[in-house]
Amino acid sequence: MASSYNAKEEDGHVPGSAGHGGAAEAKSKKPDNTAFKQQRLPAWQPILTAGTVLPAFFVIGLIFIPIGIGLFVTSNNIKEFEIDYTGVNSDSPCYSCATNASWNNTTPCLCSLNFTLSQPFESNVYMYYGLSNFYQNHRRYVKSRDDSQLYGDPNALKSPSKECEPYRMSGAQPIAPCGAIANSLFNDTLELYHIEPNGTRNLIPLVKKGIAWWTDKHVKFRNPEGNDNLTVAFQGTTKPVNWRNPVYELDPSDPENNGFINEDFIVWMRTAALPTFRKLYRIIQKKSGPTPTLPSGNYVLNIAYNYPVTSFDGRKRMILSTISWMGGKNPFLGIAYITVGSICFFLGGGFKQAALNIWSVHGILGGVELSD
Amino acid sequence: MLRRRINRLLGRDERRADSRTINVGHRTGTSNEAIIPAKFCDNRIVSAKYTVWNFLPKNLFEQFRRIANFYFLIIFLVQVIVDTPTSPVTSGIPLFFVITVTAIKQGYEDWLRHKADNEVNKYPVTVLEDGLRIRKESEKIKVGDVVEVEEDETFPCDLILLQSCRDDDTCFVTTASLDGESNHKTHYTVPDIEKDLDSLNATIECEQPQPDLYKFVGRMHLYTNNQDPAVRSLGPENLLLKGATLKNTQRIFGVAVYTGMETKMALNYQGKSQKRSAVEKSINAFLLVYLCILVSKALVCTTLKYVWQGKPGQDEPWYNEKTQKEKDTNLYLKMFTDFLSFMVLFNFIIPVSMYVTVEMQKFLGSYFITWDQDFFDPEIEEGALVNTSDLNEELGQVEYVFTDKTGTLTQNNMEFIECCIDGFQYRYQDANSEVDGPCVTDGPLNKLQQKAGREREELFLRALCLCHTVQVKESTERSQDQVDGLTDGVDGLGVDGEGIHPPQEQIGLIASSPDEVALVKGAMRYGFTFLGLESKTMKIRNRNNDVEMYELLHVLNFDPVRRRMSVIVRAKSGDTILFCKGADSSIFPRVRQEEVENIRMHVERNAKEGYRTLCVAYKCLSAEEYNQADKGLKEARLALQDREERLMAVYNQLETGMSLIGATAVEDRLQEEAAETMEALQGAGMKDAPPAKAGVTRSWSSSNQDFGFIIDGATLSMVLNPSTESNAKLYKSLFLQICQNCTAVLCCRMAPLQKAQIVKMVKNSKGSPITLSIGDGANDVSMILEAHVGIGIKGKEGRQAVRNSDYAIPKLMHLKKLLLAHGHLYYVRIAHLVQYFFYKNLCFILPQFLYQFFCGYSQQPLYGAVYLTMYNICFTSMPILAYSLLEQHICIQDLLDNATLYRVIAKNAMLRWRPFLYWTLLGVFHGLLFFFGVRFLFSNPALQDNGQVFGNWSYGTIVFTVLVLTVTLKLALDTRHWTWINHFVIWGSLAFYVFFSFLWGGTIWPFLSQQRLYFVFANMLSSVSAWLVIILLVLLSLLPEILLVVFRKTHSPNTRQLSDGRLLQTSRINQFL
């Protein structure tokens, strides 16, 4: 950068040099008279003054408060229902399952919880499972995966990355999918029944598509290529230690949701940011017609209880929630916006007044600065 | 036999300590004893540091000796060895980049040096060997070789001049490449040696190589058949230095005495000590604080990790088992590696890039000084010169200015003003008498009422004409050497180059001091013209147009300790006269006291008016006296040891009992705008101490209405070097107190070393103020080197000051802009740069630290690896670099107009602990805000309108986006001077961040083992909540600062004027204390 400016010394001769018998070699060393070199580049010189800043605060306040109110109202309008089904207490229906749950059980332990929705859930309802005190963001856990394997790379399929240790090989066979994350895939099955006032139980249809990021499902995760038959494609690999079924049997009913591109699996593989988290489990589609998706009333949650969390003092929850443009229920943003907006608003207004007072007290004509 | 040999060897070794013996032409000189030829180094110059083979190891070693580089290397090695959260690449790439760039730069510089070395070493030279002229490569010259050098060639090594083809046994050289002095210097052959060099049988005994260019002591033994050896003294006038160029002389022969790395030139290239700026010291202090923060963070995390793991089920839950290797590791080793891992995770808090950016800022920033047109001086066709860019910001911190007077404060353009002969004043009326002045043979003296006797007048004028070392430049050279500032035609007519004057009137005068030229020219005005020195005969034309001849017997050189010089001449009549001129203080005690009073009055009046005064005295020597003096001088000149002292003793003995003839007054005009510059610097709160050579300059003293303090060299030496140790401290502190309470201190008649002593004393005084020395001559070098910042003036006293300075400017008046504008801006820029860098890395790493509390202290990085690496390299580096090059928080003109603004940043104001604490707190505040803002958002990670959830990488990316936006906008808020470059770089780097994040997340990168950030950024942007939280957090982070700025302004309107007034007042009060 510097040298390029150095090169352009084209200023010609200094007037005086002509007198010295035409000493033409005396090329002027005078620095270029360019704005850059003389530090005279035209510049905008903003100065923060009360006159410019306070109105801006005022305006920010005016914008933030409505946004905050909007956010707050939206968040409040979101219906959310949460139920803990860990079964820590002995009176909980899942207590026995919780105490007995283990990876080795061949038959799932079943339990069911009754609950009541006091308000109807309109539009699409999203069903989440939530885990607490589960460190999906632990470093050893986060790195314990092989994205090449999940991308369908045949080499990585057969010889997974070292990062997957100690879930890399089972005996002599490589594990697919390898790693701690895949190994600890959440495997409770949740079913939701609506109990009509007359006592009939209606199974609520749960959609299991559209719960994972589109790009994950379609690009980042791929089954090994070469064979439509996943059983063949995964030949030579073994299932993760804690899994009951191999990866190609995650959803035998739908080949588009089987193997690595199983959405439940993909959702699990996106590690959560905090030890208490929720993950999208199913979507309950809005019914056509005026009836709400989940009318108020009694419900039964049937759980195939497989996932042990009590050993590390964890909790399991099922969450039903509607969703707005801002996502799930979270009053934080609305409150924050209202607070910041109000502060700005009052600072903008109040300071302007205070500034005016000071100026008038001092008798200094600061009106010019403040009025514009 | 053996024993004798050993003895001789030992003897030689003993001698080696102080002198070396050289056989001229390798002929063993003495018949009785064969001298063992000593081993001297060859004539190869090696200025290059590296060879092809040792470049890599040596360069790497030198680079890693820098503490910062070493730290990063350690971090990198830890990453390689220990299983750490971030891959070695993240810190390896920046380190590699820095090391490579530096290595390439140094390698290139070294390659250039190699090339230059080769050019010198392979240069063909002619050597006389056994009567044959042999062409050799320069590097093969050995000590003792007789070398032939032709006109315009440079000397290949240090030579003793044996023979010149000029009749008067002299030769001319220029030492432009050594000390920048382009005037021709005369060197003499060793007197009375045989013309036939082949049969010359001689040895030279001289001191061991030493770097002083102007000192040389040696002795030559000439052996002629079976006679006692004749001895000749050798001095610097016989020594031709390597690097100097032969001029005006067709051919010379010389014998090599010092070769290769032992030449004075080579010795001079070594050891100019590095100066470090105050800012650099602050950086290191801050670095230490951050290192402490880093270590304590790592310690806290490690401790908490093991506390946390103590709870059952946390350390190794079933879903997250350890590998066998981890299980086997010893607990304490694990703790240690955990600690290292945390260090690595948080190490970004001390960025490599800061060093790179600071270096770049300094390097590029210094170009603005070189480019500044205001520093361009059309007379010498040169602008400012930057010798080191390390001290740019120090220019904004100067508290004490030490200036040399002659040539710095003044133009060093001497003009003869008046003289005083026997107490009668002769003022030369230049305006009218210019026409008839010097040409009128009767002289202009009749215009004055009172006159001294004609006899005395002529004696005085003859003294002026004879007592000097001025050379007359031959008219043939004049055309080619016009540039030299010391040349001046008679009455300026020669400069016009008009051909109407006969050639003999176009006399150019060359002298080492312009005073002498002024005096000779002054004498010329009164009718005595110095015609030149030819083979020891000085010719002058007197008023009657007769040519008088004087034989020059001895020159008793000027030196700053004696402060006088003398010549001994023999007139045609046979009288031997000593003429002496010098400073009044050194002449008055040596003349008859009754003569003094008359003249003292004049001298004092002249000195008060600011003229440079010299007194002239003479003494007739009887033949006996002369013979004695001649012997003493010759003896002293031959001495190998303590030659200086012995000469001095003879000089002092000779220069006594003289009679005073008169005094001269020479005006040295003030530099353009010198008074204004000094006034401005005082306004800026600086104190000036011009250790001037002599006298107070009129305008200078009048510009000082405040307290001034004048001390002269003799007094000062008593202050600085008192007899008893106990007094030393007392005197020094007293002197310092006086100095510090005066706005100006004038120290006159100082030796160079005293100047440096004063600088050193002030520099080491309480509060260690930043000092600046400015000077133009060789006598200022010590002062320039001693001060924090040394400024050289590209004046008329050669280039030594410029070479040794940190910055060089053509004129004193440029100092004002250099300090008030450039220095101020550089300081503000770099101070902001440093603080900002620490701030931005603190709020970069703090969220990552906080995240450890939420991920089980597992060293999980919050940000993607690429963000960790790119943050300092790409996303946030360019705006601050542009800021630190272009910022003008106050425009240059205002800085120049209000010198008091300089005080605002005095005493490292922007890098003291308070501002540092402010920035640190700001960083902590921002870091907390970023992390917890997003933390609360993620209490429900379903942030998209399709109900899908975000994971940990989205969390980090949101924090990172807020971070990049905030730190960039924070800089934008601080920018007061938005050029298009600032706009481009600030908005450009934000745009680049977005673009890069899209690109990085947009593809599956086959070289990455984990696709962690795949589409994370795009998904983040598809979430309205993420947008809202980003806007909220950025605004909230910047809000307090905006408020603070506005609040300050609102509560103290016209801050600038008020504070200035107060500052002025307090400084006044200080002076009264």
Side-chain angles (χ1 to χ4, degrees), chain A residues 1-2 14 16 20 29-31 33 37-39 41 43-45 48-50 53 126 135 137-142 147 151 161 165-166 180 184 211 213 215 219-220 270-275 277-280 283 311-313 323 325-330 332-333 336-337 340 355 358 364 366, chain B residues 85 313-314 317-321 323-324 364 367-368 371-373 376 378 381-383 482 854-856 858-860 892 936-945 947-949 951-952 955 976-979 1004 1009-1011 1014-1015 1019 1023-1025 1028-1029 1032 1036 1042-1043 1045-1046 1049-1050 1053:
Chain A
M1 185 175 146
V14 164
H20 285 284
K29 286 187 204 155
K30 186 165 180 159
N33 190 14
K37 288 188 177 181
Q38 301 307 317
Q39 304 197 64
L41 281 178
W44 172 55
Q45 291 168 316
L48 291 178
T49 59
V53 169
Y126 294 80
Y135 284 85
N137 59 3
H138 196 281
R139 182 162 73 91
R140 204 189 315 134
Y141 189 81
V142 170
D147 278 346
Y151 191 57
S161 157
E165 290 288 0
S184 58
I211 58 174
W213 288 13
T215 46
V219 187
K220 194 176 170 184
R270 183 154 291 282
T271 47
L274 299 165
F277 60 90
R278 63 173 71 174
K279 283 185 183 286
L280 189 52
I283 300 166
S311 63
F312 52 87
D313 202 22
I323 285 293
W325 51 270
M326 59 171 282
K329 194 182 184 80
N330 191 351
F332 160 72
L333 263 185
Y337 260 82
V340 174
I358 285 167
I364 296 162
Chain B
Q314 302 285 45
W318 62 262
Y319 58 85
N320 191 10
E321 284 176 3
T323 58
Q324 196 57 41
L364 296 178
Y367 274 95
F368 283 118
W371 285 336
D372 198 321
Q373 276 197 317
F376 183 76
E381 298 234 324
E382 271 181 82
Q482 198 58 261
F854 296 87
C855 69
S858 59
Q859 301 124 21
Q860 170 62 26
I892 290 181
F936 283 121
L937 183 75
F938 265 70
S939 54
N940 184 349
L943 291 170
Q944 282 183 288
D945 57 359
Q948 291 169 1
V949 293
N952 64 321
Y955 190 112
R976 291 273 164 279
H977 191 81
W978 285 79
T979 64
I1004 301 279
S1009 64
Q1010 297 209 353
Q1011 312 293 335
Y1014 184 68
F1015 259 79
N1019 263 308
S1023 158
V1024 183
S1025 290
L1028 288 173
V1029 87
L1032 177 82
L1036 199 57
I1042 299 176
L1043 267 183
V1045 171
V1046 173
K1049 282 227 172 96
T1050 325

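Below, chain A is the first sequence line, B the second, and so on; all start at residue 1.
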How about [X] and [Y]: do any of their side-chain heavy atoms sit closer than 4.5 Å?
X        : Y        : value
A:Leu333 : B:Phe936 : no
B:Asp372 : A:Gln38  : yes
A:Arg139 : B:Cys855 : no

Please classify the contact of [X] with chain A as side chain, backbone, both or neither, using a heavy-atom distance under 4.5 Å.
X         : answer
B:Leu1032 : both
B:Gln1010 : both
B:Asn1019 : side chain
B:Ser1023 : neither
B:Ile892  : side chain

Closest non-hydrogen atom pair, [X] against [Y]:
X        : Y         : answer
A:Met326 : B:Ser1025 : O-OG, 2.5 Å
B:Thr979 : A:Ala43   : CG2-CB, 3.9 Å
B:Asn320 : A:Ala180  : OD1-CB, 4.5 Å

Which atoms of [X] are under 4.5 Å from chain B, going by heavy atoms: the side chain, the backbone, both sets, or neither?
X        : answer
A:Ala336 : both
A:Val142 : both
A:Thr215 : both
A:Tyr126 : side chain
A:Tyr135 : both

(request) Determine the interplanar angle of the B:Tyr319 and A:Phe312 rings, folded into 0 to 90°, and report it as parallel if under 30°, tilted if 30 to 60°, perpendicular if over 60°. (result)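 Answer is perpendicular, since the angle exceeds 60°.
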
(request) Measure up the B:Trp978 and A:Trp44 rings against each other and bin them: parallel (under 30°), tilted (30 to 60°), perpendicular (over 60°). (result)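 Rings of B:Trp978 and A:Trp44: tilted, as their planes differ by 30° to 60°.
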
Looking at [options], which makes the most heavy-atom pairs under 4.5 Å with chain B?
options                               : value
A:Lys279, A:Lys329, A:Lys220          : A:Lys220
A:Val53, A:Ile283, A:Leu274, A:Val219 : A:Leu274
A:Glu165, A:Gln39, A:Arg270           : A:Gln39
A:Asp147, A:Asn137, A:Leu41, A:Asp313 : A:Asn137

(message) What verdict does the side chain to side chain contact (heavy atoms under 4.5 Å, CB included) test give for B:Gln373 and A:Lys30, after you've listed the backbone C-alpha separation in whole Å, the side-chain angles of each residue and the deciding distance to 0.1 Å?
(response) CA-CA 7 Å; B:Gln373 276 197 317; A:Lys30 186 165 180 159; 3.3 Å; yes

(message) Using only atom types and a distance under 3.5 Å, with no angle test, would you say the side chain of A:Arg278 pairs donor to acceptor with the backbone of B:Pro941?
(response)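 No: the side chain of A:Arg278 does not pair with the backbone of B:Pro941.
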
(message) Please check: side-chain N/O of B:Trp318 versus main-chain N/O of A:Ser184, any donor-acceptor pairing under 3.5 Å?
(response)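 Not a single qualifying donor-acceptor pair exists.
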
(request) Give the C-alpha distance, both sets of side-chain angles, the deciding distance and a yes or no for side chain to side chain contact (heavy atoms under 4.5 Å, CB included) between A:Lys37 and B:Phe368. (result) CA-CA 6 Å; A:Lys37 288 188 177 181; B:Phe368 283 118; 5.6 Å; no

(request) Name all residues meeting the side-chain contact (heavy atoms from CB on, under 4.5 Å) criterion together with A:Trp325; count only those two or more places apart in sequence or in a different chain, and write none if there are none. (result)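 For A:Trp325 the side-chain contact (heavy atoms from CB on, under 4.5 Å) partners, ignoring immediate neighbours, are A:Leu71, A:Thr74, B:Val1024, B:Leu1028.
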
(request) Report the C-alpha separation of B:Phe938 and A:Phe277 in whole Å, then their side-chain angles, then the decisive distance to 0.1 Å, and conclude whether the ring pair (Phe, Tyr, Trp, His ring centres under 6.0 Å) test is met. (result) CA-CA 9 Å; B:Phe938 265 70; A:Phe277 60 90; over 10 Å; no

(message) Could you measure the distance from the CG atom of B:Leu937 to the CG atom of A:Asn330? Nearest 0.5 Å is fine.
(response)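 Taking CG in B:Leu937 and CG in A:Asn330, the distance rounds to 6.0 Å.
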
(message) Does either side chain, that of B:Arg976 or that of A:Gln45, offer a donor lying less than 3.5 Å from an acceptor on the other one?
(response)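 Result is no, nothing qualifies.
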
(message) I'd like to check the salt bridge (Lys or Arg N to Asp or Glu O under 4.0 Å) partners of B:Glu321; sequence neighbours left out, ordered by chain and number.
(response)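 Residues passing salt bridge (Lys or Arg N to Asp or Glu O under 4.0 Å) with B:Glu321: none at all.
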
